[in-house]
Amino acid sequence: MAGRPVYHNALEAIAGINDGATVMIGGFAARGVPTRLVLALRDRAPKDLTIITNDTSGGWGGRVDCSLLVEARLVRKVIASWPVPASTAVVTPLEQQLRAGEIELEVVPQGTLAERIRAAGAGIGAFYTPTGVGTPFAEGKEVRSIDGQDFLLEYPLSAGFALIRGFRADTLGNLVYRKAARNFNPPMATAARVTIAEVDAVVPAGDLDPEAVVTPGIYVHRLLVPE
Amino acid sequence: MAGRPVYHNALEAIAGINDGATVMIGGFAARGVPTRLVLALRDRAPKDLTIITNDTSGGWGGRVDCSLLVEARLVRKVIASWPVPASTAVVTPLEQQLRAGEIELEVVPQGTLAERIRAAGAGIGAFYTPTGVGTPFAEGKEVRSIDGQDFLLEYPLSAGFALIRGFRADTLGNLVYRKAARNFNPPMATAARVTIAEVDAVVPAGDLDPEAVVTPGIYVHRLLVPE
Amino acid sequence: MNKERLPRDVLAMRIAKELEDGSYVNLGIGQPTLVANYIPPEKLVIFHSENGVIGVGPMPEPEDEDPDLCNAGGQPVTTIAGACFVSHADSFALVRGRHLDVAVLGGLQVSETGDLANWIRPGRGVGGIGGAADIARGAKRIYVMMEHTTKDGERKIVRRCDYPLTGQGVVHTIFTDLAVIRVTPQGLVLLEVAPGWTPEEVQALTEPHLTVSPDLREIAL
Amino acid sequence: MNKERLPRDVLAMRIAKELEDGSYVNLGIGQPTLVANYIPPEKLVIFHSENGVIGVGPMPEPEDEDPDLCNAGGQPVTTIAGACFVSHADSFALVRGRHLDVAVLGGLQVSETGDLANWIRPGRGVGGIGGAADIARGAKRIYVMMEHTTKDGERKIVRRCDYPLTGQGVVHTIFTDLAVIRVTPQGLVLLEVAPGWTPEEVQALTEPHLTVSPDLREIAL
């Protein structure tokens with residue numbers, strides 16, 4: 001094997017994402033979103049998706065983000081920290097579908113979201129976090145006092161697929177990122193059965209600085225790169 | 001403030017490590033050990049230390065590791081994954097002190113050791129790990145079944161001081177490591193009240209690749225560098 | 001009430017004065033970001049943005065915007081020399097692990113026991129928590145920056161928040177356009193008042209009892 | 001018993017044959033490291049060492065040893081093109097998270113239900129577990145590489161381990177100098193025997209019952 005399979009066609013890269021799939025999608029405020037993969041997923045149009053992503057608020061100056069999957073009515077459930085814009089001036093497709101009872105939403109504090117994803121990738125069965133104690137995010141959760149401080153029990157979040165955005169990959173799938181486009185992509189890479197990374201370029205193994213690799217290739221199963 | 005304080009004298013760098021202190025010390029098989037800091041700690045000679053480190057087996061071709069602190073009888077308790085050599089040919093000072101009831105030892109599976117240290121740095125109150133279920137490492141621990149699989153509850157490990165070995169630092173304390181000398185140093189950096197990093201060189205802020213920094217300077221409180 | 005309240009930028013200057021040399025600080029979305037504009041050059045304060053930027057610099061000119069670089073509010077930013085980038089998992093490990101010295105957050109309501117509500121109004125069925133709950137619980141000190149009352153004149157410093165909470169018992173100090181108030185185990189202590197305001201006038205706009213500090217001062221920059 | 005058993009290197013070759021192209025594999029301290037020597041050049045197997053090296057290469061000549069580079073046994077190693085380095089926290093996140101395809105571990109005892117004991121003999125009061133418990137529980141498949149019996153002729157494949165366990169119900173396949181045995185929910189299945197050995201002879205050196213596979217073969221390379 002020469003390394004991880006490299007795709008130039010985004011629809012081919014997302015083969016296997018079918019109705020009912022759970023899909024993690026990297027990005028924060030439309031930075032670090034795997035744009036081509038998200039657009040291809042819209043075109044493939046599987047139904048009843050569960051989407052795990054930081055934000056689905058849209059409105060980032062026309063940049064592509066996951067809100068377009070909600071708008072295309074492909075999503076049954078969203079798990080996110082920032083599902084709607086702060087402003088109430090616009091009623092987003094997500095809010096419309098929520099009001100109509102057509103979509104489910106789980107709002108998770110951003111750090112808990114990241115840690116639940118990391119836990120799935122790291123084989124942790126559950127963890128106690130101080131975030132959210134005494135708030136609506138504690139509802140229905142086990143509270144445990146440890147050394148006099150209260151914590152909530154949180155469970156891992158895994159997915160069938162993770163669509164992530166890297167900067168460069170090598171042929172083994174090792175990834176580096178660029179600035180704040182890193183965000184949720186590294187933990188998501190670890191937490192899916194199939195991780196698909198959209199990158200600007202694939203370089204020969206050995207061309208990335210081994211000290212600077214952020215996501216080891218073991219976590220990356222397919223690469224999408226421009227022709 | 002220009003950045004983190006830089007010391008040239010190792011004894012000055014470890015000021016404050018007193019009798020009864022809990023000290024994490026980086027390194028694995030004598031690679032990535034903060035050699036000068038360990039030697040200075042031996043010279044400072046505080047008593048009744050608790051040492052958290054991967055191995056205290058010694059015998060790595062004369063390289064410095066934490067076993068010399070045990071040999072100097074400064075240690076009341078060791079928390080490690082590899083406390084003694086595989087071979088029983090040599091009875092180490094640790095084993096002698098164990099037999100005499102003069103030292104306490106907690107053996108922790110290496111991954112659990114790393115994760116407990118990480119948990120302390122990351123504010124996690126406790127976590128469930130599958131490692132050790134059905135083994136002597138489960139003794140006295142809560143077992144919980146999650147999705148049909150058993151896990152053990154493990155608690156964080158923190159310390160007053162972490163002595164770590166970096167390769168280079170910048171003036172803000174950002175650190176990069178070199179090859180397998182990275183090992184336990186990054187998680188330990190996050191888990192101590194005072195983290196002291198021994199490095200080869202301190203470069204101006206901005207000279208390290210911001211994508212390649214492994215330990216952000218927020219975790220590093222003092223730097224030791226050769227004159 | 002026609003007396004003058006502190007303009008936002010003056011409030012931002014007052015909070016900037018509070019931040020210590022060498023400290024790591026997170027600034028919440030919205031008005032707290034103004035604080036970064038008033039750190040004097042001789043003082044090093046390193047700003048953390050929860051989307052993985054440690055060492056946020058000033059906003060760029062439009063032509064210098066980097067498409068891959070923004071703050072927690074999605075606004076383009078720059079970075080300082082010595083900045084670095086981490087993932088969300090690592091960024092919130094830092095937050096949750098109590099490594100940030102201070103976070104300056106906006107507030108809808110603050111209670112006398114330091115509860116903070118700042119993410120959703122009761123009427124709206126859906127809202128975004130973002131990183132607020134983690135930061136409110138994680139930073140060593142939470143400074144709240146807000147107007148003392150709502151536009152409609154309602155009190156925002158209350159006995160008990162009736163808005164959904166962001167964090168319970170987390171607020172260290174409240175900085176408003178009228179006062180600086182410390183949350184203590186004995187209740188709220190009025191430390192400073194805006195020029196021209198008396199403790200009684202501030203108390204009238206505050207639901208819980210304020211203990212006036214023996215060292216009460218006028219807010220100064 | 002004067003019949004010839006497989007030499008270690010032949011056993012290593014047999015295990016190497018089992019490793020799939022493109023797989024990620026951890027090799028335990030001691031004899032399992034021999035397996036790396038027998039991967040044919042057309043097959044890419046990436047070796048993980050729990051001290052944070054992903055992409056371990058062959059041992060260097062003494063003059064090429066890097067003081068900062070070793071495997072989990074502390075031996076000097078090299079790295080392949082495309083190797084990278086991670087911390088212990090990240091290395092064991094990878095291990096615990098079931099990302100490794102295979103780990104080849106040594107064994108003191110293996111039970112008929114796949115329990116593995118390989119870290120300490122009952123007599124010794126103190127031992128090092130190292131990463132063995134995490135790896136035994138974390139890799140998708142655990143291959144045990146060991147002699148079929150001890151030097152004193154005691155059986156190592158037993159009904160129940162009386163040595164302290166490393167992992168419970170974790171072993172997938174046992175590769176010994178006499179046989180290849182799969183652990184299944186129905187018990188141990190004898191898949192292969194060393195040249196010149198019969199299933200009955202192997203059974204005599206094995207405490208629990210072995211079901212002989214209908215496809216029983218001689219160990220071949």
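All of these numbers come straight from a predicted model, not from anything done at the bench.
Interface residue D:Leu94: backbone and side-chain heavy atoms are both found under 4.5 Å from chain A. For chain A, no part of D:Val95 is nearby; none of its heavy atoms comes within less than 4.5 Å. Only the side chain of D:Tyr24 has a heavy atom closer than 4.5 Å to any heavy atom of chain A. In this structure, the portion of D:Ile46 lying under 4.5 Å from any heavy atom of chain A is its side chain and not its backbone.
Around CZ of D:Arg121, the count of heavy atoms belonging to other residues, nucleotides or ligands within 6.0 Å does not exceed 12. Sparse packing is recorded around CZ of A:Arg168, with 12 or fewer heavy atoms of other residues, nucleotides or ligands lying under 6.0 Å away. When the shell of 6.0 Å around CD of D:Glu20 is examined, it contains 12 or fewer heavy atoms from other residues, nucleotides or ligands. The local environment of CG in A:Asp147 is sparse, with at most 12 non-hydrogen atoms from other residues, nucleotides or ligands closer than 6.0 Å. In this structure, D:Arg217 places its CZ atom where only 12 or fewer heavy-atom neighbours from other residues, nucleotides or ligands lie under 6.0 Å away.
In this structure a side-chain-to-backbone donor-acceptor pair under 3.5 Å is present from A:Asn174 to D:Gly82.
Between D:Cys84 and A:Pro216, the shortest heavy-atom distance links the atoms SG-CB, 3.9 Å.
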TODO: Please step through side-chain contact (heavy atoms from CB on, under 4.5 Å) for the pair A:Leu172 and D:Leu44, ending with a clear verdict.
DONE: CA-CA 10 Å; A:Leu172 298 185; D:Leu44 177 68; 3.8 Å; yes
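Residues A:Ile218 and D:Leu100 form a side-chain contact, since some pair of their non-hydrogen atoms from C-beta on lies under 4.5 Å apart.
Contacts of residues 178-207 of chain A with chain D at a heavy-atom distance below 4.5 Å involve A:Thr190, A:Ala205, A:Gly206, listed in sequence order.
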Indicate every side-chain donor-acceptor pair of residues 117-130 of chain A with a distance under 3.5 Å to a residue at least two apart or in another chain.
residue	atom	partner	partner atom	Å
A:Arg118	NH1	B:Glu115	OE2	2.6
A:Arg118	NH2	B:Glu115	OE1	3.0
A:Tyr128	OH	A:Glu142	OE2	2.7
A:Tyr128	OH	A:Arg144	NH1	3.1
A:Tyr128	OH	B:Tyr128	OH	3.1
A:Thr129	OG1	A:Thr131	N	3.2

